[in-house]
Amino acid sequence: MPMLVLIRHGQSAWNLENRFTGWWDVDLSELGEQEARAAGELLAAKAMDFDQCFTSVQTRAIRTLHIALRVMGRLWLPVEKHWRLNERHYGGLTGLNKAEMAAKVGEEQVKIWRRSFDIPPPPLDADSPFDCANDRRYAGVPVPRTESLKDTIARVLPYWEERIAPALKSGQRVLISAHGNSLRALVKHLSGIPDDEIVGLEIPTGQPIVYELDDELREVERYYVKDR
């Protein structure tokens, strides 16, 4: 039975500051590092092991994976990084404080930008200091100016089909360290969650989620490791 474990990265510096982060690359906070270590300790305590790991090209997800693997004594495991597992792009909201934006444009508007399925935030300005289109890690990549959750799902799933699903079908045990919205994309796909429900799904930082799958990669069971 294929086994997949998902981990949302630990708290980042901008999570701590309550800022929209998206594709901007920030590191883990001290608490985020602790959450990553705790995730690794929990996986080790449950004697869980892996053959292949996947993550985004963003520091907070990569470091969460590395810290957890180090705790498990598995830093030598193969890791594949890809931009398609990046967090949702928050467009013109990138870098802004969420509470300040709610005071400026209203909580309802911010809620629409954050939690609607197919309404993206305003696009990133061409002269924004948070434009990462010239970052060498995105050479040749169509860097978005903004994304809705629907957009995020549309760019995550091709990578799932091309790289992750074949690894699982070949019998490999897979660990993915990614972000709230890229993981929502995978959870929606695997669990068949409707559009209007997936936006309300909360994925806590640093808490490994286990998927036990059938041979067609359909969900048999989904649970948090801490609950077993």
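Rounded to the nearest 0.5 angstrom, Lys46 NZ and Glu41 CD are separated by 13.5 Å.
Only one option out of Asn181, Leu183, Thr21 pairs with Glu87 in a side-chain contact (heavy atoms from CB on, under 4.5 Å); it is Asn181.
Cation-pi check for Arg228 over Tyr223 is met; the charged atom lies under 6.0 angstrom from the ring centroid and within 45 degrees of its normal.
Outside the 6.0 Å centre-distance limit, the rings of Trp76 and Phe50 are not counted as a close aromatic pair.
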**Asked** So Glu33 and Arg63, side-chain contact (heavy atoms from CB on, under 4.5 Å) or not? Walk me through it.
**Response** CA-CA 8 Å; Glu33 293 179 355; Arg63 289 200 63 225; 3.1 Å; yes
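Tyr138 meets the ring pair (Phe, Tyr, Trp, His ring centres under 6.0 Å) test with Trp23; sequence neighbours excluded. Every residue meeting the ring pair (Phe, Tyr, Trp, His ring centres under 6.0 Å) condition with Tyr90, not counting sequence neighbours, appears here in chain and number order: Phe20.
At a cut-off of 3.5 Å, with distance as the only test, no side-chain donor of Arg88 or Ser182 sits close to an acceptor on the other residue. If you check the side chains of Ser191 and Glu219, you find a donor sitting under 3.5 Å from an acceptor. Side chain to side chain, Asp131 and Ser128 fail the donor-acceptor criterion of an N or O pair below 3.5 Å.
Residues Ser12 and Asp27 have side chains not in contact (no heavy-atom distance under 4.5 Å, counting atoms from C-beta outward). Taking the side chain as every heavy atom from C-beta outward, Pro166 and Lys169 never approach each other to under 4.5 Å.
Under a cut-off of 6.0 angstrom, the local environment of NZ in Lys150 is sparse, with at most 12 non-hydrogen atoms contributed by other residues, nucleotides or ligands.
Between Leu6 and Val187, the closest heavy-atom pair is CD1-CG2, 3.9 Å.
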